[in-house]
Each structure stands twice: as structure tokens, then as C-alpha cells.
Amino acid sequence: MKALFILVSLCMVNACKTQTDTVITTNNTNMEQIKNKTTGCPEEGTCSVAAHKNQRLAIKDDGTGALYPEMTTGNNIIVAFTYAVKGPEGTADGDYSETIHFEIPSDTQRLSKENAALADVNLLFGRHCFCRDGGYFPVTDGKLMVEKTDTLITFDLQFRTDKTSQTISHIRNTVTL
């Protein structure tokens, strides 16, 4: 009986050991699945998009090298897209979100920017979580297409960043002005 108790105790201690091997994950999502989503919002979260008229997007540095967006009065339109996932019940730091900000001139009707030209619209990706690689990052790899009418902005954005991991990589949406 004593030996059985010791054996069960050893099994329980061994079961609590953390994994020390290298874990390799693969992304099995193909581009067709992403392209066919109308907004690019994953099912496990909620998304919102807003257009801010008569604003200007300034990318500021907090003094430690970290960037952040600041909206100030101006003549442009800022589009802000947010993807958010609520953390597990009872956790203080379990929420996760990603934001995308970009700015277009008010008189724009059609706009197409790709890769380094995305800096012209101040395209900024933000990852917000209790994690080491959170923060805001300028996007220089992707393609943005915008069509604007008097009342609507339709945009299609495909992008990626090598500075941090990301959930959102393709957004297609329409927002009311």
C-alpha cells in the first residue's frame, strides 16, 4: 500500500512538469479563407471600425522608444479598426486586442498604397495584451486600397509585420462618415 502511494505521488509530480521541448506550430489557414471573410474579424472576438473626420494622426514616441498614435485637429480622416477578445472570467490581464490606424486626406476619392508607401497614410498596427511584444508598430509590408464617397469609406487592407505576432492580417470593411 505504501509503495502504491509513493508511485501515485511520483506520477502526479511528473505530470506537473512543464514542457521544455521546442514546440513548433504551423498556420493552416489558407488565403482563400481569409479573402472570403467580409470584415476580416475572427469568430473568437469582436471588431469595430470608426472614421474620425477633421483629424490628423500623429505618431508619437513615449521617450523609451515605444510608439503610440495621437489624434489631433486637422483636415484629414482617420480610420481606426479594433479587434478585441475578452479574457477568461476572473483574470485581470487576460484581454487581448489589435488596432489598425491610418489617415487619408479628406478630398481623396480613391487611394492605393503598397509597402513603403503605406508610410504616407501613417499606417500603424497595435497589439495590446499582457505580453512582451505588445505595442504599436508602423506597417511597411502590405497593400491598402480605399474608395471614399461623401458618406462612406470602403477599404481593403492586407498587411503583415515582422515586429510582433498578429491575428488580423486582412480587413475589408465599409465605415460611415
Side-chain angles (χ1 to χ4, degrees), residues 34-35 37-87 91-177:
I34 294 171
K35 285 182 182 177
K37 290 194 175 191
T38 56
T39 64
C41 189
E43 292 178 16
E44 53 279 343
T46 58
C47 293
S48 63
V49 63
H52 305 278
K53 292 171 78 175
N54 300 319
Q55 297 286 309
R56 183 173 97 53
L57 184 63
I59 300 174
K60 302 277 187 154
D61 185 321
D62 71 354
T64 65
L67 302 176
Y68 66 95
E70 181 176 270
M71 287 190 252
T72 58
T73 303
N75 298 326
N76 297 331
I77 300 169
I78 298 173
V79 176
F81 179 89
T82 302
Y83 162 68
V85 177
K86 185 76 176 137
T91 59
D93 298 327
D95 293 354
Y96 177 84
S97 66
E98 292 181 359
T99 56
I100 289 89
H101 292 84
F102 63 89
E103 143 183 66
I104 59 171
S106 294
D107 59 353
T108 298
Q109 291 182 351
R110 286 181 182 261
L111 179 75
S112 181
K113 298 289 182 181
E114 195 167 343
N115 297 331
L118 292 170
D120 297 344
V121 295
N122 290 328
L123 185 60
L124 197 62
F125 170 74
R127 182 170 190 245
H128 316 286
C129 54
F130 188 66
C131 54
R132 292 176 192 236
D133 59 348
Y136 285 97
F137 308 93
V139 177
T140 57
D141 185 6
K143 184 174 185 178
L144 172 67
M145 293 183 294
V146 177
E147 290 186 22
K148 184 178 108 21
T149 65
D150 290 338
T151 58
L152 298 173
I153 295 176
T154 301
F155 65 95
D156 189 343
L157 171 64
Q158 294 181 29
F159 73 100
R160 69 183 195 102
T161 179
D162 58 358
K163 305 281 186 200
T164 187
S165 60
Q166 67 189 77
T167 302
I168 301 293
S169 61
H170 186 209
I171 307 164
R172 188 178 319 143
N173 212 316
T174 301
V175 62
T176 306
L177 286 174

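Start at 1 with the first residue, then count along the sequence. Computation of the quantities below employed the complete heavy-atom set of this structure, encompassing side-chain atoms and omitting hydrogens, waters and symmetry-equivalent molecules.
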Heavy-atom pair of closest approach, residues [X] and [Y]:
X	Y	result
V175	A51	CG2-N, 3.8 Å
L57	H101	CD2-CB, 3.9 Å
Y83	C41	CD1-SG, 4.2 Å
F81	I171	CD2-CD1, 3.5 Å
F159	Q166	O-NE2, 3.3 Å

Find the distance between [atom1] ([X]) and [atom2] ([Y]) and round it off to the nearest 0.5 Å.
X	Y	atom1	atom2	value
D61	Y68	CG	OH	8.0 Å
S169	E98	OG	CD	9.0 Å
L124	L67	CG	CG	6.5 Å
E103	T108	CD	OG1	10.0 Å

Exercise. Got more than 12 heavy atoms from elsewhere within 6.0 Å of CZ, F130?
Worked result: no
Problem set entry | Neighbour count >12 (heavy atoms, 6.0 Å) for atom CG, D141 | yes
Using residues 142-155 as the side-chain source, report each donor-acceptor pair under 3.5 Å to any protein atom, sequence neighbours left out, with the distance given to one decimal.
| residue | atom | partner | partner atom | Å |
| --- | --- | --- | --- | --- |
| E147 | OE2 | R110 | NH1 | 3.2 |
| K148 | NZ | S106 | O | 3.0 |
| T149 | OG1 | T151 | N | 3.3 |
| T149 | OG1 | L152 | N | 3.0 |
| T149 | OG1 | L152 | O | 3.4 |
| T154 | OG1 | T174 | OG1 | 3.2 |

Please enumerate all residues that pass side chain to side chain contact (heavy atoms under 4.5 Å, CB included) together with [X], with sequence neighbours excluded.
X	result
Q55	H52, M71, I78
T140	none
A119	none
T73	none

Just list the side-chain donor-acceptor pairs under 3.5 Å for residues 131-138, sequence neighbours left out, or say none.
| residue | atom | partner | partner atom | Å |
| --- | --- | --- | --- | --- |
| D133 | OD1 | R127 | NH1 | 2.2 |
| D133 | OD2 | R127 | NH1 | 3.1 |
| D133 | OD2 | T164 | OG1 | 3.0 |

Salt bridge (Lys or Arg N to Asp or Glu O under 4.0 Å) involving [X] - partner list, sequence neighbours excluded:
X	result
K113	D120
K60	E70
R56	none
E44	none

Seminar exercise, completed: Those residues at least two apart in sequence (or on a different chain) that pass side-chain hydrogen bond (donor to acceptor under 3.5 Å, both in side chains) with T99 are H128
For this session: Any pair with a residue in residues 144-177 that passes disulfide bond (SG atoms under 2.5 Å apart), sequence neighbours left out, goes on the list, sorted by first then second residue, please.
Result: none
Exercise. Would you say V85 and D95 make side-chain contact, with heavy atoms under 4.5 Å?
Worked result: no
